[in-house]
2 protein chains.
Amino acid sequence: MSRPVRPRYGIREVAAAAGVSVGTVSNVLNNPDLVASETRERVEQAMRQVGFVRNGLAHQLRLGRSNTAAAMVLSIGNPFFTEAARGIEDRLAQADCMLILCSTDKDSGREARQLRSLEEQGVRGLIITPGHMQTEPLLALQRRGIPVVLLDCPSPTPELCSVSVDDVHGGELVATHLLSQGHRQILFLNGCREVYQCVARSRGVHRALQAEGLEPSRHLLEVSLTDVDDDDAERAVEQILGLPEWPTAIMCVNDVVALGVLRCLRKRGIKVPDDIAVVGYDDVSFAAELSTPLTTVRQPTYQLGYTAAALLLADADGATDHQRVVLQPELVVRDSA
Amino acid sequence: MSRPVRPRYGIREVAAAAGVSVGTVSNVLNNPDLVASETRERVEQAMRQVGFVRNGLAHQLRLGRSNTAAAMVLSIGNPFFTEAARGIEDRLAQADCMLILCSTDKDSGREARQLRSLEEQGVRGLIITPGHMQTEPLLALQRRGIPVVLLDCPSPTPELCSVSVDDVHGGELVATHLLSQGHRQILFLNGCREVYQCVARSRGVHRALQAEGLEPSRHLLEVSLTDVDDDDAERAVEQILGLPEWPTAIMCVNDVVALGVLRCLRKRGIKVPDDIAVVGYDDVSFAAELSTPLTTVRQPTYQLGYTAAALLLADADGATDHQRVVLQPELVVRDSA
DNA sequence: ATGAAAGCGCTAACAT
DNA sequence: ATGTTAGCGCTTTCAT
């Protein structure tokens, strides 16, 4: 038998110190009102004395559930997701639940590994923005007893909860705005086509073009970024500007991408919006203060997270209806387009 | 006996399905080479068949340690910390270790609660940017077997590891720059005085004033923000501008605060740097692309996190020397000052 | 090479 | 009101 690596004082030591049984100590912890106040006093003092910290692993093993939920987002470097995480955390805290925040960073291998690890940890539930559209692993997870809530992407099945923002409409808002400004050569710096949000916004853009009777193939160039961050966007625009014909407007899948676009254009001395218009998405905190205040789409980000956590808790408490909440985005017109 | 809330298949079911004992299944998991390859094959198939997921709680309980480390930062909304978290995560991943990321948000009650919760979870180690200077709870934690590494703040004791950036020097760099530009009325929007970095940077500013033979009380106004975010900063500046005499330069404890300052000044139509100069700290991704490109202090943020995780792992593996790594900051002069 | 069984620290049913 | 004890799922020693 290997010695425990971290020998701490447990309820046994507390019991000995207080002259009671482990059952009583356990009751002080979990059913204080079953214990005579005098005894309770004594036990609590013993706990302080030996520096007792409950072994949560044993606790949860016994109970069969933990008070830790997990959130997996696409990128922790995107303020959109940290804002949503704040909402999640706040709601979970109300239920004395902690949050494990993970970031998949578009690595589906990593997503799978983390998913497994979280399941092994026995998380109480999972809030996830999937990096692809295979819901099967998530459904399996839920069948094994771990409630799943999709974040920022509507559930394709009635078995999963979801909270999302209407991305088709969001894409449509942006494209309609650009078209109304007379733009006919639009570059859409989109994310990976495996990600729902990206596909949906693209659909919205197409819809806007159609509404004007315009042929997408003539007026729209869509590029899928790989990392979907500012550096990635900068490189992509750099490349596009090497082409003979420039777009008159660039719409970005999020504000971080727009940041990279602005950086590239600034370095090349290209004026926004005069030479090229730029539109972001998310309305993160810095959007309004960029060199050219960013026209973008505001999402109820905090509420998105907060609601997702609420659904998760309801589900973990045995709710059987799987809600699909859809929130509405809003175009914020500033100077960049 | 209450039924387990989440009945999953365990090694017992796998053993039954494969026609072996639980010990053998365990060996397939942990000592595959002790098992005859034919048996191993059979067991592995049984695992897939029943959809086996190892119960990490029981695993860790038995082993006495987990493969999850935790990081507690001051604010998850600050890109500085998410960048550091990326460094931490990357280094931990090399050791097959997961990260729990927590944010204290200046709430010391919350910090204490989360600390306890993490200890109960049996985290393998803790990387923390403390919101105050009481190291006693951290030392106690370490004595109880959980290695602690201070992030972005030098350890005041030889018993704790730390990785930090020279904040006194950083503050000095900024102030020296401002003084050399002729500024004699400097507003320092600092964070809470309980936080080491804030105190250290303030010391650096004082040092710079002294080097010029200037009296701090005449040339420096230092304000402690409470939330230390952009909205908080905006409010503070709004208030300062109500005073009869305005500062000629505002230095900020980080770039997020600078963002709020720029927002306030823009709303009031005050020109940067002509009317008031502004300096940030951290050089986060958006710093260079703000309405006025931000003069700021660059820190080796990713490396900060990466190194902290390396120290943590070394410590958890039994290293007994407690290193104090100090990195160097660098002034990045742009347009805002 | 495999099996049997003890025990990690805790909770809760049952006994007193 | 308190004590006793089985067992959560796993690992590991010891025996076969």
Side-chain angles (χ1 to χ4, degrees), chain A residues 1-44 46-47 50-67 119-122 144-145, chain B residues 1-44 46-47 50-67 119-122 144-145:
Chain A
M1 185 70 53
S2 72
R3 195 91 56 73
V5 174
R6 191 148 44 75
R8 295 189 309 199
Y9 294 104
I11 54 170
R12 223 137 59 188
E13 284 70 24
V14 173
V20 298
S21 76
V22 292
T24 302
V25 176
S26 174
N27 275 333
V28 169
L29 246 32
N30 306 294
N31 307 82
D33 25 313
L34 291 185
V35 183
S37 61
E38 192 223 342
T39 318
R40 193 172 58 215
E41 198 89 338
R42 218 167 60 241
V43 171
E44 280 166 348
M47 285 181 173
V50 306
F52 173 76
V53 176
R54 175 212 248 138
N55 184 325
L57 262 37
H59 174 85
Q60 291 159 33
L61 174 60
R62 182 59 235 250
L63 257 57
R65 67 186 151 69
S66 87
N67 63 162
E119 183 174 5
E120 290 185 355
Q121 299 297 318
R144 280 183 245 118
Chain B
M1 185 70 49
S2 73
R3 195 91 57 73
V5 173
R6 188 152 43 77
R8 296 190 307 201
Y9 293 105
I11 54 170
R12 220 135 62 190
E13 285 71 22
V14 173
V20 298
S21 77
V22 292
T24 301
V25 177
S26 174
N27 276 333
V28 170
L29 247 31
N30 306 294
N31 308 83
D33 24 314
L34 290 185
V35 183
S37 60
E38 193 223 343
T39 318
R40 193 172 58 215
E41 199 89 338
R42 215 165 64 241
V43 171
E44 279 165 349
M47 286 182 172
V50 306
F52 172 76
V53 176
R54 173 212 249 138
N55 183 326
L57 263 38
H59 174 84
Q60 291 159 34
L61 175 60
R62 183 58 235 252
L63 258 55
R65 65 185 153 71
S66 86
N67 64 161
E119 184 174 3
E120 290 185 356
Q121 301 295 319
R144 277 182 248 119

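Here is how names work: the chains are called A, B, and so on, in the same order as the sequence lines, proteins then strands, and each is numbered from 1.
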Asker: Does B:G19 or B:L61 map to a spot on DNA chain C nearer the 5' end, using the closest nucleotide for each?
Answerer: B:G19

Asker: Do any side-chain nitrogens or oxygens of A:T24 fall under 4.0 Å of OP1 or OP2 in D:dT2?
Answerer: no

Asker: Using a cut-off of 4.0 Å on non-hydrogen atoms, how would the nucleic acid contact of A:G10 be classed: base, sugar-phosphate, or nothing?
Answerer: sugar-phosphate

Asker: I need the A:Q121 CD to B:L57 CG distance, nearest 0.5 Å.
Answerer: 7.0 Å

Asker: Within this structure, what is the CD-to-P distance between B:Q60 and D:dC10, rounded to whole angstrom?
Answerer: 12 Å

Asker: Specify the separation, in whole Å, of atom CG of B:L57 and atom P of D:dC10.
Answerer: 11 Å

Asker: Check the distance between D:dG7's P and B:I11's CD1 and give it to me in whole angstrom.
Answerer: 16 Å

Asker: With respect to the side chain of A:S26, which nucleotide from C:dA6, C:dA12, C:dA1 is positioned closest?
Answerer: C:dA12

Asker: Hey, does B:H59 have a side-chain heavy atom less than 4.5 Å from the side chain of B:N55?
Answerer: no

Asker: Nearest whole angstrom, please: distance from the C1' of D:dT11 to the CZ of B:F52.
Answerer: 12 Å

Asker: Between D:dT13 atom P and B:N30 atom CG, what is the distance in whole Å?
Answerer: 12 Å

Asker: Quick check: do B:V20 and B:T39 have side-chain heavy atoms less than 4.5 Å from each other?
Answerer: yes

Asker: Would you tell me if any nitrogen or oxygen in the side chain of B:H59 comes within less than 4.0 Å of OP1 or OP2 on D:dT11?
Answerer: yes

Asker: Under 4.0 Å between a side-chain N/O of B:T39 and OP1 or OP2 of C:dT2, yes or no?
Answerer: yes

Asker: Distance check: side-chain N/O of A:R54 vs OP1/OP2 of C:dT11, anything under 4.0 Å?
Answerer: yes

Asker: Rounded to whole Å, how long is the line connecting atom CZ of B:R40 with atom C1' of C:dT2?
Answerer: 15 Å

Asker: If you take all heavy atoms of B:F52 and B:Y9, which pair is closest and at what distance?
Answerer: CD1-O, 3.6 Å

Asker: For the side chain of A:A58, starting at C-beta, report the closest nucleotide among C:dG3, C:dG9, C:dT11.
Answerer: C:dG9

Asker: Does the side chain of B:N55 get closer than 4.0 angstrom to OP1 or OP2 of D:dC10 through an N or O atom?
Answerer: no

Asker: May I have the distance from A:L29 (atom CG) to C:dC10 (atom C1'), rounded to whole angstrom?
Answerer: 9 Å

Asker: On the nucleotide D:dC8, are OP1 or OP2 found under 4.0 Å from the side-chain N or O atoms that B:R12 carries?
Answerer: yes

Asker: Locate the shortest heavy-atom distance separating A:R12 from A:V22; write the atom from each residue and the value.
Answerer: CA-CG1, 3.9 Å

Asker: Under 4.0 Å between any heavy atoms, over every strand shown, what does A:V35 touch: base, sugar-phosphate, or nothing? Just pick one.
Answerer: sugar-phosphate

Asker: Tell me the interatomic distance from B:R62, atom CZ, to C:dC10, atom C1', rounded to whole angstroms.
Answerer: 15 Å

